[in-house]
Amino acid sequence: MYLEYCIDFYRMKHDDFPILFELINNNRLVYLDNAATTQKPQAVLDAIVHAYSRWNANVHRGVHYLSQVATQKHEEARKKMAQLIHAQLDEEIIFTKGTTDSLNMLAFSFGEAMIKEGDEIIVSQLEHHSNIVPWQMLCERKKAILKVIPLKEDLSLNIEAFKELLSPSTRLVSIAHVSNLLGIVNPIEEIIRLAHEKGVPVCVDGAQSVPHLKIDVQKLDCDFLAFSAHKMYGPTGLGVLYGKKKWLDKLPPVEGGGEMIEHVSFEKTTYNVLPYKFEAGTPNYIGSYAFGQAIDYVQQIGLECIAKHEDDLIAYMEKQLAEIPHVKIYAAGLFKAGAVSFNVYRADGTLIHPFDVGVLLDRQGVAVRTGHHCAEPLVNHLQVPGTIRASVAMYNTRNDIDTFIIALKRSIMMLD
Ligand code: PLP
């Protein structure tokens with residue numbers, strides 16, 4: 001029954017992504033690098049051409065027809081983002097260049113307003129560099145202290161240790177909802193609840209969760225959420241920083257220029273209202289429109305339906321990987337959204353370098369990611385030079401997983 005549903009689902013969706021018909025090294029492309037970036041459906045490609053061909057004009061400052069159409073499309077896209085994550089207000093959606101930009105913007109703005117010497121910020125051992133370095137830079141600027149939630153043996157977050165880390169000096173907790181390296185889903189509701197009990201706001205790095213899980217920021221009660229369009233079938237160069245209005249109102253702008261001002265004089269400049277206060281310069285209105293089309297596309301299928309399909313693929317992949325001798329799956333058995341990381345060892349116990357496996361998979365048309373996945377502190381914790389990560393999206397199939405597993409077994413035979 002489930003398979004039948006899947007076959008229809010594949011037929012319908014796989015064909016919508018033109019790049020999936022590319023031959024890589026004379027093989028059908030099996031794209032399993034979706035945690036890095038997803039491929040784009042025809043609807044999104046068409047949206048970009050349509051926007052530039054039919055209504056391109058700069059937004060917000062024109063009285064002419066095209067400028068008004070462009071402004072309307074851009075603001076409609078903002079509304080779609082707000083609906084996607086169930087934000088209370090459209091003005092809580094700030095367009096950025098991506099998750100990295102969102103987190104840097106927050107670190108700078110929050111840092112300026114709220115952080116002083118000796119204050120503490122908490123991140124975790126499994127963060128992406130984008131959710132480490134901006135906070136580290138802030139701590140250097142302000143002589144604040146970065147604290148790190150350690151992992152338990154099974155690589156899940158040590159929540160007991162987190163409780164101990166929360167102190168009267170804690171000013172912010174910033175945590176990934178889903179680990180980009182391990183794919184595991186962190187207990188973000190519990191983290192938010194514990195932090196809020198101490199009056200500490202929480203920023204959620206949603207780069208890997210918004211594309212895979214249904215996010216409701218009001219239910220989660222997170223104070224900030226960052227995500228990227230390109231990881232959810234949208235274009236590159238666009239992201240979102242969500243923030244509760246009560247916080248965004250308090251925080252200063254980060255960049256100065258057009259759009260973000262109310263009045264400018266050499267004596268004093270006053271700032272625009274939300275969200276424009278944080279959006280200096282010409283925004284990526286073509287990108288926001290195209291991402292809006294990606295969200296429509298996803299919602300036509302249904303995020304829950306996609307999540308069910310991806311969960312099936314991950315379970316199917318993890319089961320098959322576990323049956324290959326000398327494959328070590330990280331965080332095996334823990335609930336994952338979208339990605340599995342592993343390494344391969346020889347019979348004598350030595351590690352086969354993940355790059356070597358990645359190169360041989362590529363020769364067979366299978367695209368996976370190898371290396372530290374911008375999570376060096378986690379890779380160091382695992383005491384390996386890197387891992388192999390296979391990550392799925394809605395257009396992947398069980399057939400893709402079978403092809404990947406056959407290619408992996410062949411690669412291991414060559415490298416063992
Ligand atoms: N955070 C996580 C968990 C990620 O997986 C990524 C990208 O892989 C980022 C942040 C950075 O996203 P971007 O490169 O789109 O800014």
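Predicted model, so just to flag it, every value in this text is computed and none were measured. Indexing begins at 1, ligand by ligand and atom by atom, following the structure's order.
- Here's the thing with Ser228: one of its N/O atoms is less than 3.5 angstrom from an N/O atom of ligand 1.
- Shown here for Tyr233 and Ala294, the closest heavy-atom pair between the two residues is O-CB, 3.5 Å.
- Note on residues 110-162: pairs passing ring pair (Phe, Tyr, Trp, His ring centres under 6.0 Å), not counting sequence neighbours, are Phe110-Trp247, His129-His372.
- Contacts between His373 and ligand 1, counted as non-hydrogen atom pairs separated by less than 4.0 Å, are absent for every part of the residue.
- Looking only at heavy atoms of the protein, atom 11 (C) of ligand 1 is closest to Thr100 OG1, 3.4 Å.
- Looking at ligand 1, you'll find an N or O of Asp205 within less than 3.5 Å of one of its N or O atoms.
- In this structure, Glu127 does not count as a contact residue of ligand 1, since none of its heavy atoms falls inside 4.0 Å of the ligand.
- Under 4.0 angstrom from ligand 1, the non-hydrogen atoms of Ala207 all belong to its side chain.
- Lys219 places no side-chain N or O within donor-acceptor distance of the main-chain N or O of His86, the cut-off being under 3.5 Å.
- A heavy-atom distance below 4.5 Å is found between the side chains of Tyr330 and Thr387.
- The nearest heavy-atom contact from the protein to atom 8 (O) of ligand 1 is Lys231 NZ, 2.6 Å.
- Formation of a donor-acceptor pair under 3.5 Å by the Gln364 side chain with backbone atoms of Ala407 is found in this model.
- Taking atom 4 (C) of ligand 1 as the reference point, the nearest protein heavy-atom neighbour is His128 CD2, 3.3 Å.
- Listed by first then second residue, pairs satisfying side chain to side chain donor-acceptor pair (under 3.5 Å) with a partner in residues 180-191 number zero, not counting sequence neighbours.
- Judged purely by atom type and a 3.5 angstrom limit, Asn34 uses its side chain to pair as donor or acceptor with the backbone of Ser391.
- Of the protein's non-hydrogen atoms, Thr99 CB, 3.6 Å is the one closest to atom 12 (O) of ligand 1.
- If you check which protein heavy atom lies closest to atom 5 (O) of ligand 1, you get Gln208 NE2, 2.7 Å.
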